[in-house]
Amino acid sequence: MADNRKTFVVLMGAPGAGKGTQAKILQEVLGLPQVATGDLFRENLKNETELGKLAKTYMDKGQLVPDEVTVAMVRDRLSRPDCVSGAILDGFPRTPAQSIALNKLLEEFNGHINIVPFINVNQEVLITRLQKRSEIEGRADDNAETILTRMKVYREQTAPLLNYFQERELLVEIDGDRSVEVVSAELQDVIRQAS
Ligand code: AMP
C-alpha cells in the first residue's frame, strides 16, 4: 500500500553532537527542510519578538523554553508550505511532553516518524566542542556554566526519550565522534534503509 504520509526524521543527540551540521547536509540530500527549534528561537531573539524575549530568559541559563511555547512554534513552522513532504526535526522533541505533542502534530499533519538517528558523542568531547563553538560563534549559551546546565538538562529531560524511540524500534545509534563526512555518509545510509 502506498504510504503518502509526510516523512519526519528526528535527529537526537546532546548539545554539541553535530545535529545542526548534519541536518543542514541532510536537508540538501533528502529535500526536506531542517526544522531546528534552537535556530527558530535565535531568529525570534534577533528580531526581538515577544517569543524571542521570553525564550532568551531560558536560553541564557541553558534551560528549556516551556513546552507549550515550543510546541506552538513548531506547529506554526510545520504548517508552512515547505514542510509539504515532511521535515528533519533538529532539537525537538526534547521532553516527554514534547514527544506526546509531536505524536499529536503527526496525526494533525498526516505524518509519521521514519527514523530517529541518535548521534552519540561522549561528554568530554561534547564539552570541548561547545567551548570551541563559544569562542568561534560567541553564543551566549555556550559559556562554561551554561554548558554544564545544558548537559544536565539533556541527561535529565531529553535522554529518557531515547528509550521511548528505542522501544518503538525507530532509534539508530551513530558514532558521532568521527568526521562530519563519515557521520553524514552513515546517516544517509541508515535513512535510506528506513525509507
Ligand atoms: P540548540 O540550538 O538546539 O542547542 O538550542 C538552544 C536553546 O534553545 C536550548 O538550550 C533551549 O533553551 C532552547 N531550545 C531549543 N530547542 C528546544 C526545545 N525543543 N524545547 C525547549 N527549549 C528548546
Side-chain angles (χ1 to χ4, degrees), residues 1-15 17-41 43-44 51 64-121 153-176 180 182-195:
M1 202 172 75
D3 189 346
N4 54 15
R5 291 176 300 168
K6 298 177 184 180
T7 298
F8 289 85
V9 173
V10 178
L11 271 189
M12 294 291 287
K19 295 189 299 297
T21 304
Q22 294 298 339
K24 283 189 177 66
I25 301 172
L26 281 179
Q27 94 173 334
E28 301 303 322
V29 178
L30 303 177
L32 292 175
Q34 169 199 23
V35 170
T37 41
D39 288 350
L40 293 172
F41 284 130
E43 222 170 82
N44 275 279
L51 173 61
L64 295 181
V65 179
D67 288 328
E68 213 181 315
V69 178
T70 305
V71 170
M73 179 180 72
V74 171
R75 185 171 183 277
D76 179 63
R77 179 67 188 84
L78 296 183
S79 313
R80 293 198 215 149
D82 63 331
C83 294
V84 64
S85 303
I88 301 157
L89 299 181
D90 163 8
F92 181 90
R94 247 167 156 116
T95 66
Q98 289 181 16
S99 179
I100 293 167
L102 173 59
N103 285 339
K104 293 210 185 103
L105 288 174
L106 291 174
E107 264 178 45
E108 181 183 339
F109 289 106
N110 189 30
H112 76 295
I113 300 173
N114 216 26
I115 186 169
V116 182
F118 164 45
I119 307 177
N120 195 7
V121 176
V153 166
Y154 172 76
R155 272 197 311 275
E156 291 177 357
Q157 302 193 53
T158 309
L161 295 181
L162 297 175
N163 271 337
Y164 170 79
F165 287 125
Q166 173 107 57
E167 279 161 14
R168 297 179 75 198
E169 297 184 354
L170 288 168
L171 197 80
V172 178
E173 186 173 327
I174 288 170
D175 174 6
V180 170
V182 172
V183 173
S184 176
E186 192 171 326
L187 256 176
Q188 290 172 44
D189 267 358
V190 298
I191 292 170
R192 226 172 272 128
Q193 279 168 31
S195 306

**Q** Return the set of residues passing side chain to side chain donor-acceptor pair (under 3.5 Å) with R77 (not counting sequence neighbours), or none when no residue passes.
**A** D82
**Q** Quick one: list whatever passes side chain to side chain donor-acceptor pair (under 3.5 Å) with D175, sequence neighbours left out.
**A** none
**Q** Between F92 and V10, which heavy-atom pair has the shortest distance, and what is it?
**A** O-CG1, 3.8 Å
**Q** Quick one: salt bridge (charged side-chain N to carboxylate O under 4.0 Å, His left out) pairs with a partner in residues 97-108, sequence neighbours left out?
**A** R75-E108
**Q** I would like to know whether F8 and L32 meet side-chain contact (heavy atoms from CB on, under 4.5 Å); could you show each step before the answer?
**A** CA-CA 9 Å; F8 289 85; L32 292 175; over 6 Å; no
**Q** Among residues at least two apart in sequence or on other chains, which ones pass salt bridge (Lys or Arg N to Asp or Glu O under 4.0 Å) with R155?
**A** none
**Q** Decide yes or no for F41 and L51: does some side-chain heavy atom of the first lie under 4.5 Å from some side-chain heavy atom of the second?
**A** yes
**Q** Which heavy-atom pair separates P93 from F165 by the least distance, and what is that distance?
**A** CG-CZ, 4.1 Å
**Q** Got a second to check how far F118's CZ is from L170's CG, nearest 0.5 Å?
**A** 15.0 Å
**Q** Could you tell me the separation between the CG atom of L105 and the CG atom of N110, rounded to the nearest 0.5 Å?
**A** 13.0 Å
**Q** Rounded to the nearest 0.5 Å, what separation is found between the CZ atom of R94 and the CE atom of M12?
**A** 9.0 Å
**Q** Roughly how far, to the nearest 0.5 Å, is CD1 of I113 from CG of L171?
**A** 11.0 Å
**Q** Does H112 reach the main-chain N or O of K6 with its side chain, forming a donor-acceptor pair under 3.5 Å?
**A** yes
**Q** Nearest heavy-atom pair of A101 and V71: which atoms, and what distance?
**A** CB-CG2, 3.6 Å
**Q** Under the rule for side chain to side chain donor-acceptor pair (under 3.5 Å), what residues qualify as partners of D67, not counting sequence neighbours?
**A** T95, Q98
**Q** Side chain of T37, backbone of G91: donor and acceptor closer than 3.5 Å?
**A** yes
**Q** Under the criterion side-chain contact (heavy atoms from CB on, under 4.5 Å), I'd like the reasoning laid out for L40 against V35: C-alpha separation, chi angles, the key distance, then a yes or no.
**A** CA-CA 8 Å; L40 293 172; V35 170; 4.3 Å; yes
**Q** Heavy atoms, side chains only, cut-off 4.5 Å: are I25 and V180 in contact?
**A** yes
**Q** Just to verify, what does S99 make a side chain to side chain donor-acceptor pair (under 3.5 Å) with, not counting sequence neighbours?
**A** none
**Q** Does P160 have any side chain to side chain contact (heavy atoms under 4.5 Å, CB included) partners at least two apart in sequence or in another chain, and if so, which?
**A** none
**Q** Below 4.5 Å, heavy atoms only, C-beta onward: do Y164 and P96 meet side chain to side chain?
**A** no
**Q** Taking only residues two or more places apart in sequence, or in another chain, which ones meet A23 in a side chain to side chain contact (heavy atoms under 4.5 Å, CB included)?
**A** L11, Q34, I88, D90
**Q** With side chains defined as the heavy atoms from C-beta onward, is the minimum distance between V116 and R168 less than 4.5 Å?
**A** no
**Q** Check the pair L64 / T70 against side-chain contact (heavy atoms from CB on, under 4.5 Å), numbers first and verdict last.
**A** CA-CA 9 Å; L64 295 181; T70 305; over 6 Å; no
**Q** Does S195 have any side chain to side chain contact (heavy atoms under 4.5 Å, CB included) partners at least two apart in sequence or in another chain, and if so, which?
**A** N114, I191
**Q** Any pair with a residue in residues 183-195 that passes salt bridge (charged side-chain N to carboxylate O under 4.0 Å, His left out), sequence neighbours left out, goes on the list, sorted by first then second residue, please.
**A** R178-E186, D189-R192
**Q** Partners of A185 by side chain to side chain contact (heavy atoms under 4.5 Å, CB included), sequence neighbours excluded?
**A** none
**Q** Scan for side chain to side chain donor-acceptor pair (under 3.5 Å) pairs involving residues 22-32, sequence neighbours excluded, and state none if there are none.
**A** none
**Q** With a 4.5 Å cut-off on side-chain heavy atoms, are L102 and L89 touching?
**A** yes
